[in-house]
Amino acid sequence: MFFTSYELQVASGYSDKRQFLQDCRRYDLPIAAAGKVMGHNRYRLIDLCLALVIAELQQYEVPLSICARLLNRLNLDHLRHRLDELKADQIDDLIVMIPARSDLDTEDFPTVATDWDEIVGYARDQNLNFFTVPVGEAVKAKLAGEW
C-alpha cells in the first residue's frame with residue numbers, strides 16, 4: 001500500500017505538505033518517495049510510520065534537525081519487517097524506541113518492540129535510555145481507512 005504526501009503531512013502534524021517535504025529534504029530525513037503514480041509521489045508504510053514519530057517528537061518541541069539525527073539511530077530494516085508483520089496481523093502493536101545514545105549497535109538493540117513488557121526488559125536488563133513512540137494503533141487505523 002502506498003500513501004500520498006498529503007497523508008504523510010497529516011501524520012506528521014504539518015499544516016502544509018510542501019513545507020513537510022521541503023523540511024524532509026532540508027534535514028535529510030529518511031523519508032523518500034517510492035515512486036510516482038499518475039505524476040504524484042507515493043510513499044511506503046515505513047515513511048508514514050516515521051512521519052508519526054516526527055509528530056510525536058515535535059510535540060515535545062524537539063527541533064526537526066534533532067529529529068533527523070534521532071531517526072538515523074533507528075534500525076529501519078527491523079522497523080520495516082515489523083511493519084510488514086503488523087500489516088499482516090501477525091503482531092498486535094508496534095512501539096518505536098529511539099535510543100538516547102548514538103553509539104548503540106542496532107543489531108543488539110532493534111529499536112522496535114511489539115509490547116510494553118519488551119520495552120521494560122530493555123530498560124531494566126540493559127540499562128538503556130530511549131524515547132518510546134507507540135505507532136501501532138495509528139498505523140492500523142490508517143491501514144483500515146479510519147483516517
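The basis for the numbers below is simple: all heavy atoms, side chains too, and nothing from hydrogens, waters or symmetry mates.
- Contact annotation: the side chain of H78 approaches that of R82 to within less than 4.5 Å [non-hydrogen atoms, C-beta and beyond].
- Looking at heavy atoms from C-beta onward, N129 lies out of side-chain contact with R101 at the 4.5 angstrom threshold.
- The residue from D84, L94, L45, T111 that alone fulfils the side chain to side chain contact (heavy atoms under 4.5 Å, CB included) condition with L79 is L94.
- With a 4.5 Å cut-off on side-chain heavy atoms, F2 and R44 count as touching.
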Test log, rule side-chain contact (heavy atoms from CB on, under 4.5 Å), inputs L74 and V112: CA-CA 8 Å; L74 295 177; V112 180; over 6 Å; no
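- Linking Ile, Leu, Val, Met, Phe, Trp and Tyr whenever their side-chain heavy atoms come within less than 4.5 Å leaves V37 and L8 in two separate clusters.
- When each of I98, N72, V62 is tested with C67 by the rule side chain to side chain contact (heavy atoms under 4.5 Å, CB included), just one qualifies, namely V62.
- Looking at every heavy atom in both residues, G136 comes nearest to D93 through CA-OD1, 3.4 Å.
- Here the side chains of L50 and Y43 are not in contact, with every heavy-atom distance at 4.5 Å or above.
- There is a path of hydrophobic side-chain contacts, each under 4.5 Å, that joins Y6 to V139.
- Within 6.0 Å of CZ in F131 there are 12 or fewer heavy atoms belonging to other residues, nucleotides or ligands.
- Here the closest heavy-atom approach between residue Q9 and residue D16 is recorded as CG-C, 3.7 Å.
- In this structure, CD1 in I54 is found 6.5 Å from OG in S12, a value given to the nearest 0.5 Å.
- At distances below 3.5 Å, not a single donor-acceptor pair connects side-chain atoms of E85 with backbone N or O atoms of I91.
- Panel note: side chain K140, backbone D92; a donor-acceptor pair is recorded below 3.5 Å.
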Residues F109, L128; criterion side-chain contact (heavy atoms from CB on, under 4.5 Å); working and verdict: CA-CA 9 Å; F109 182 64; L128 297 175; 3.5 Å; yes
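- Counting only heavy atoms from C-beta outward, the side chains of L86 and L143 never approach each other to under 4.5 Å.
- Shortest non-hydrogen contact noted between Y27 and A68 is O-CB, 3.2 Å.
- Between K17 and S5, the shortest heavy-atom distance links the atoms CD-OG, 3.4 Å.
- Between V133 and L52 the shortest side-chain heavy-atom distance does not fall below 4.5 Å.
- Residues passing the salt bridge (charged side-chain N to carboxylate O under 4.0 Å, His left out) test with D77, sequence neighbours excluded: R80.
- K142 places a side-chain N or O within donor-acceptor distance of the main-chain N or O of W147, the cut-off being under 3.5 Å.
- Between D115 and I95, the closest heavy-atom pair is C-CD1, 3.9 Å.
- Between D23 and Y14 the shortest side-chain heavy-atom distance falls below 4.5 Å.
- The backbone N or O of A100 lies less than 3.5 Å from a partner atom in the side chain of R73, making a donor-acceptor pair.
- The shortest distance between side-chain heavy atoms of C49 and L83 falls below 4.5 Å.
- Nearest approach of A11 to A55, heavy atoms of both residues: O-CB, 3.3 Å.
- Both M97 and W116 are part of a single hydrophobic cluster, where members link through side-chain heavy atoms under 4.5 Å apart.
- In this structure, L71 is a member of the same hydrophobic cluster as I66, with clusters built from ILVMFWY side-chain heavy atoms closer than 4.5 Å.
- With E7 contributing its side chain and T4 its backbone, the two residues share a donor-acceptor pair below 3.5 Å.
- When the shell of 6.0 Å around CD of E61 is examined, it contains 12 or fewer heavy atoms from other residues, nucleotides or ligands.
- Side-chain polar atoms of S15 and Q19 form no donor-acceptor pair below 3.5 angstrom.
- For F130 and Y122, the ring centers are positioned 6.0 Å apart or more.
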